2 protein chains.
Amino acid sequence: MSDANRMSYQDIKVKVLQSIRDNTWPPGTIMPGEVDLAEQFGCARATVNRAMRELAEEGILDRKRKAGTRVKKSPTRQAKFVIPVIREEVENTGGAYRYALVSRTQMPAPGWLCAKLQLTPEDQVLHLHCMHYSDSKPYQYEDRWINLSAAPSAADTDFKEIGPNEWLVREIPFTDAELTFSASRATRTVAEYLEAAEGDALFTIERTTWLNQQTVTFARLHFSPGYQLTTKL
Amino acid sequence: MSDANRMSYQDIKVKVLQSIRDNTWPPGTIMPGEVDLAEQFGCARATVNRAMRELAEEGILDRKRKAGTRVKKSPTRQAKFVIPVIREEVENTGGAYRYALVSRTQMPAPGWLCAKLQLTPEDQVLHLHCMHYSDSKPYQYEDRWINLSAAPSAADTDFKEIGPNEWLVREIPFTDAELTFSASRATRTVAEYLEAAEGDALFTIERTTWLNQQTVTFARLHFSPGYQLTTKL
DNA sequence: GAGTGGTCTAGACCACGGT
DNA sequence: CCGTGGTCTAGACCACTCC
């Protein structure tokens with residue numbers, strides 16, 4: 001019990017959050033410096049530093065050298081989503097995962113894709129349509145383009161047994177990615193594959209990945225009606 | 001230039017990521033312990049620790065005491081979203097933000113809400129419908145319920161000038177929140193407010209927030225057609 | 001210029017959890 | 001048990017940025 005009062009960086013985070021909530025440090029306040037806090041809390045500055053640094057990463061605080069640390073006016077808390085790796089997502093919900101290749105076409109990159117992915121019309125691309133099922137119920141319709149200049153070995157892969165996403169994460173590393181979430185209406189074709197009605201609202205993810213400035217792949221993922229993505233903060 | 005070779009924790013992160021990409025440490029590999037790495041990199045263990053800890057947080061590595069650190073099989077990279085605070089979101093895109101209250105009703109909590117938010121039928125709630133505009137174009141339709149037991153002062157607020165979200169973040173702190181993203185079809189009413197067509201696909205966010213186990217508010221936010229949420233990893 | 005956070009170090013003790 | 005990561009310390013130097 002001797003040093004039961006010693007503060008861990010987690011204790012400090014809790015204390016700081018409490019002080020913000022009970023208006024000891026209202027939004028906009030400049031907090032004491034790290035050395036002062038370390039003394040108040042009776043711990044080393046490094047410990048305070050870690051607590052404050054994490055709170056800043058979580059969007060609660062703003063820190064600037066010389067200016068000091070202040071409580072954010074709008075506590076811009078941020079959500080973290082685990083990017084769904086579809087097989088795992090399905091299996092984690094207790095479903096049996098099944099994958100099917102719908103079509104596979106190699107072609108020169110069409111104009112809109114060149115513009116979007118910074119390709120030239122000479123670049124060859126692979127265009128794939130795939131279906132993902134959970135317990136034989138349609139789960140996701142995938143419309144994917146792979147840049148064969150960035151992933152040449154894709155040309156020799158038939159994608160009949162393995163989904164392009166799974167293949168890509170295993171074979172082609174990436175350095176950057178961009179995700180866009182939106183809602184779109186099911187076209188006739190997509191609706192048929194998803195066993196949905198034409199015009200249904202589909203949760204849609206567009207994903208683009210790069211390997212050092214070079215675009216590797218672009219995909220549109222349409223989920224069956226009712227799909228939702230949840231996160232806690 | 002003397003110690004230009006000294007490694008920072010960020011350098012170490014880059015080096016580790018490189019070693020993973022060039023298959024020096026393929027997925028599943030158990031990496032050397034922190035002390036070994038510290039020696040290899042010529043720095044203190046704390047420095048290695050921070051690098052590895054952050055890579056674990058980012059979903060690249062799995063760390064377990066005694067078991068050691070290993071490269072994740074499926075690099076579960078995660079996306080971070082800034083939770084849209086609507087006024088800022090609109091103003092950041094250069095639009096002029098306008099808010100309007102559509103309706104405001106105080107009532108006992110209906111059954112479905114009691115179930116969802118763990119309320120009793122005796123609990124009074126405030127039900128609000130609001131519109132948010134960007135340059136007088138409809139941006140978001142908000143359907144919000146506020147638990148008056150958790151936020152009693154909401155009963156004395158008319159919400160004619162300030163949106164409930166903005167009011168809540170300023171007046172009622174929260175400890176936990178849950179967000180759900182989905183796609184839904186516009187009902188006739190919502191479509192009229194959003195100047196959209198009935199049945200249009202709307203990007204929808206449901207948000208619930210708690211203050212220490214007690215539910216504060218639940219909101220359904222329907223965005224105008226075409227809305228999208230983007231993030232980079 | 002000076003104050004603040006950012007980072008590094010060398011050493012220490014602790015707690016979890018595989019063997 | 002005992003090795004590994006998790007955390008803390010006391011002190012130091014650095015880099016940014018406000019004044």
Side-chain angles (χ1 to χ4, degrees), chain A residues 1-17 19-20 24-25 27-73 75-76, chain B residues 1-17 19-20 24-25 27-73 75-76:
Chain A
M1 290 283 190
S2 57
D3 54 355
N5 297 357
R6 223 183 58 247
M7 297 289 238
S8 75
Y9 78 97
Q10 306 215 32
D11 297 330
I12 295 180
K13 285 176 70 172
V14 170
K15 287 228 166 203
V16 170
L17 284 173
S19 299
I20 292 174
T24 304
W25 292 326
T29 312
I30 306 177
M31 300 173 54
E34 293 190 349
V35 279
D36 293 333
L37 287 175
E39 197 179 353
Q40 279 183 41
F41 290 130
C43 65
R45 184 170 80 101
T47 307
V48 174
N49 182 281
R50 176 155 180 200
M52 307 295 274
R53 178 162 37 82
E54 291 194 357
L55 286 172
E57 275 168 15
E58 290 164 22
I60 311 290
L61 304 177
D62 257 342
R63 317 194 78 196
K64 264 189 240 168
R65 288 163 146 123
K66 168 69 180 181
T69 300
R70 63 175 60 225
V71 181
K72 268 205 182 179
K73 280 192 315 169
T76 313
Chain B
M1 291 282 187
S2 56
D3 54 356
N5 297 356
R6 221 179 64 245
M7 296 289 237
S8 75
Y9 78 96
Q10 307 216 30
D11 298 331
I12 295 180
K13 286 175 70 172
V14 170
K15 287 228 165 203
V16 170
L17 284 172
S19 298
I20 292 174
T24 305
W25 292 326
T29 312
I30 307 177
M31 300 174 55
E34 293 190 349
V35 279
D36 294 333
L37 287 175
E39 197 180 354
Q40 280 183 42
F41 289 130
C43 65
R45 183 170 82 98
T47 308
V48 174
N49 182 280
R50 175 155 181 198
M52 307 296 272
R53 179 162 36 84
E54 290 195 357
L55 287 172
E57 273 168 15
E58 291 163 22
I60 310 292
L61 304 177
D62 256 342
R63 316 195 76 193
K64 268 188 237 166
R65 286 164 147 123
K66 169 68 180 181
T69 301
R70 63 176 59 224
V71 181
K72 267 204 182 178
K73 282 191 313 168
T76 312

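This structure is a prediction, so every number in the text was calculated from the model and none was measured. Every heavy atom of this structure was used, including side-chain atoms; hydrogens, water molecules and symmetry mates were not. Chain A is the first sequence line, chain B the second, and so forth, proteins listed ahead of strands; every chain is numbered from 1.
Between the P atom of D:dC8 and the NZ atom of A:Lys13 lies a distance of 11 Å, rounded to the nearest Å. Summarising the geometry, the separation between CE on A:Met7 and C1' on D:dC8 is reported as 14 Å, rounded to the nearest angstrom. When rounded to the nearest whole Å, the span between CZ of A:Arg65 and P of D:dA15 equals 9 Å. Whole-Å rounding puts the B:Ile12 CD1 to C:dT9 P distance at 8 Å. Rounded to an integer number of Å, the gap from CD of B:Glu57 to P of D:dG6 is 10 Å. Going from atom CD of B:Glu34 over to atom P of C:dC8 covers 14 Å, rounded to whole Å. In this structure, A:Glu54 atom CD and D:dT7 atom C1' are separated by 12 Å, rounded to whole Å. Going from atom CG of A:Leu61 over to atom C1' of C:dG6 covers 16 Å, rounded to whole Å.
Side-chain proximity of B:Lys66 to the nucleotides D:dG3, D:dT9, C:dT9 is greatest for D:dG3. Across D:dG6, D:dT9, C:dT7, the shortest atom-to-atom separation from the side chain of A:Thr47 is found for D:dT9. The side chain of B:Asn49 sits closest to D:dT7 out of D:dT7, D:dA10, C:dT9. Candidate nucleotides C:dG5, D:dA10, D:dT7 were compared by shortest atom distance to the side chain of A:Ser8, and D:dT7 ranks first.
Residue-to-nucleotide contacts include a donor-acceptor pair under 3.5 Å from the side chain of B:Arg45 to the base of D:dT7. Side-chain atoms of A:Arg53 and base atoms of C:dT7 include no donor and acceptor less than 3.5 Å apart.
Contact check for A:Gln40 versus A:Met7: no side-chain heavy atoms found under the 4.5 Å cut-off. Put simply, the side chain of A:Trp25 reaches to within 4.5 Å of the side chain of A:Val16, judged on heavy atoms.
Residue B:Leu61 forms a side chain to side chain contact (heavy atoms under 4.5 Å, CB included) with just one option from B:Met31, B:Lys72, B:Arg70, B:Glu54, and that option is B:Met31.
DNA chain D is contacted by both B:Pro32 and A:Ala46; B:Pro32 maps to the nucleotide lying nearer its 5′ end (nearest heavy atom per residue).
A salt bridge links A:Glu34 with A:Arg63: at least one charged nitrogen is closer than 4.0 Å to a carboxylate oxygen.
Phosphate contact (OP1/OP2 of C:dG6, side-chain N/O of A:Arg63, threshold under 4.0 Å): present. Between B:Thr69 and D:dT4 there is no side-chain N or O to OP1 or OP2 distance below 4.0 Å. Between A:Gln10 and D:dG6 there is no side-chain N or O to OP1 or OP2 distance below 4.0 Å. The phosphate of D:dC8 has neither OP1 nor OP2 within less than 4.0 Å of any side-chain N or O from A:Tyr9.
Taking OG1 of B:Thr69 as the reference point, atom CD1 of B:Ile60 lies at 13.5 Å (rounded to 0.5 Å).
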